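Since the structure comes first, as structure tokens, the remarks are kept for the end.
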Amino acid sequence: GDSVTQMEGPVTLSEEAFLTINCTYTATGYPSLFWYVQYPGEGLQLLLKATKADDKGSNKGFEATYRKETTSFHLEKGSVQVSDSAVYFCALSGSDSNSGYALNFGKGTSLLVTP
Amino acid sequence: KAGVTQTPRYLIKTRGQQVTLSCSPISGHRSVSWYQQTPGQGLQFLFEYFSETQRNKGNFPGRFSGRQFSNSRSEMNVSTLELGDSALYLCASSLAGSGNTIYFGEGSWLTVV
């Protein structure tokens with residue numbers, strides 16, 4: 001079945017450092033890919049998405065490119081801020097209507113940015 | 001426009017009791033799905049409803065059930081609560097097409113004692 005694997009955390013970075021969180025997936029067909037962020041005590045917020053190969057999703061300085069050849073959707077940000085400290089989830093949604101478009105999540109990567 | 005609204009936000013129940021959680025989707029969204037989040041298992045899909053019909057179901061026991069009303073609002077019920085049911089229950093809504101964004105509510109924190 002479909003699955004998402006993302007790098008284990010926690011990741012600790014200094015402010016203004018470069019961030020990469022790796023995400024790879026296994027899926028049939030052409031899934032849509034998402035990054036969600038969860039701040040302490042809150043629900044999930046969509047960070048960015050890509051719906052087809054070579055699409056680049058971007059938001060708030062974060063970027064991720066849908067790479068079908070490597071089945072990857074790595075999250076990057078050039079300069080992180082303390083306010084980026086959160087848990088980041090990579091997820092996919094199948095392209096088959098029979099699957100009901102449920103999200104399949106990775107385990108999450110905790111990011112801590114220190115001043 | 002208003003986001004996904006979940007009630008109650010926090011609740012404490014005793015083992016063996018049952019609980020009902022409520023979710024109001026974003027206006028115009030017809031798909032509502034539910035997820036359970038725990039530290040050990042992460043985020044797991046419970047079920048999805050579209051136009052009052054359950055379209056997809058995750059791998060959870062029959063104690064977990066849900067329904068959707070004609071106005072797209074949804075409820076989920078957990079009967080005979082177990083300690084392991086303590087979790088954050090997240091509701092999400094979408095327009096229900098492939099690639100459409102799924103928006104989440106703040107969640108309902110359930111503690112079973």
Side-chain angles (χ1 to χ4, degrees), chain A residues 1-10 23 27-53 55 57-59 64 66 73 86-110, chain B residues 3-7 9-10 21 23-26 29-60 66 68 74 87-109:
Chain A
D2 295 353
S3 66
V4 175
T5 303
Q6 62 182 105
M7 60 187 287
E8 297 282 332
C23 172
T28 55
Y30 302 92
S32 295
L33 301 173
F34 305 84
W35 278 100
Y36 283 86
V37 59
Q38 185 174 38
Y39 298 99
E42 297 185 12
L44 295 170
Q45 298 178 27
L46 176 71
L47 186 56
L48 52 84
K49 73 173 188 180
T51 58
K52 60 183 187 294
D55 266 3
S58 61
N59 185 28
Y66 187 162
F73 192 53
V87 181
Y88 292 81
F89 293 91
C90 184
L92 71 80
S93 174
S95 58
D96 177 8
S97 62
N98 290 329
S99 72
Y101 310 118
L103 284 169
N104 197 321
F105 285 92
K107 294 289 189 184
T109 302
S110 176
Chain B
V4 179
T5 304
Q6 293 186 244
T7 56
R9 290 293 319 279
Y10 304 92
L21 308 177
C23 173
S24 293
I26 292 172
H29 287 190
R30 296 168 63 192
S31 169
V32 174
S33 50
W34 290 87
Y35 295 79
Q36 182 196 63
Q37 185 177 23
T38 59
Q41 299 299 316
L43 281 153
Q44 296 186 90
F45 170 73
L46 280 157
F47 28 65
E48 186 223 0
Y49 288 87
F50 179 78
S51 293
E52 302 179 65
T53 300
Q54 186 181 88
R55 187 162 63 172
N56 196 6
K57 189 178 190 305
N59 189 25
F60 278 82
Q68 186 181 31
S74 176
L88 176 63
Y89 289 89
L90 291 163
C91 174
S93 75
S94 77
L95 288 169
S98 175
N100 281 316
T101 300
I102 299 174
Y103 296 90
F104 285 82
E106 298 275 300
S108 292
W109 289 92

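Lettering follows sequence order; numbering is per chain, from 1. Every value quoted in this text rests on a predicted model; they were computed, and no experiment measured them.
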Structural part of B:Leu43 lying under 4.5 Å from a heavy atom of chain A: both

What pairs of donor and acceptor atoms, side-chain ones from residues 38-46 of chain A against any protein atom, are under 3.5 angstrom apart with sequence neighbours left out?
residue : atom : partner : partner atom : Å
A:Gln38 : OE1  : B:Gln37 : NE2          : 2.9
A:Gln38 : NE2  : A:Glu42 : O            : 2.9
A:Gln38 : NE2  : B:Gln37 : OE1          : 3.0
A:Glu42 : OE1  : A:Gln45 : NE2          : 3.4

From CD (B:Glu48) to CG (A:Leu103), nearest 0.5 Å: 10.0 Å

Can any side-chain N or O of A:Tyr36 pair as donor or acceptor with the backbone N or O of B:Tyr103 at less than 3.5 Å?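 Judged by distance alone, no pair lies under 3.5 Å.
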
For the interface with chain A, which of B:Tyr49, B:Phe47, B:Phe104 has the highest count of heavy-atom pairs at distances below 4.5 Å?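 Option with the top pair count is B:Phe104.
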
How far apart are the C-alpha atoms of A:Asn104 and B:Phe45, what are their side-chain angles, what is the distance that settles it, and do they pass the side chain to side chain contact (heavy atoms under 4.5 Å, CB included) test? CA-CA 7 Å; A:Asn104 197 321; B:Phe45 170 73; over 6 Å; no

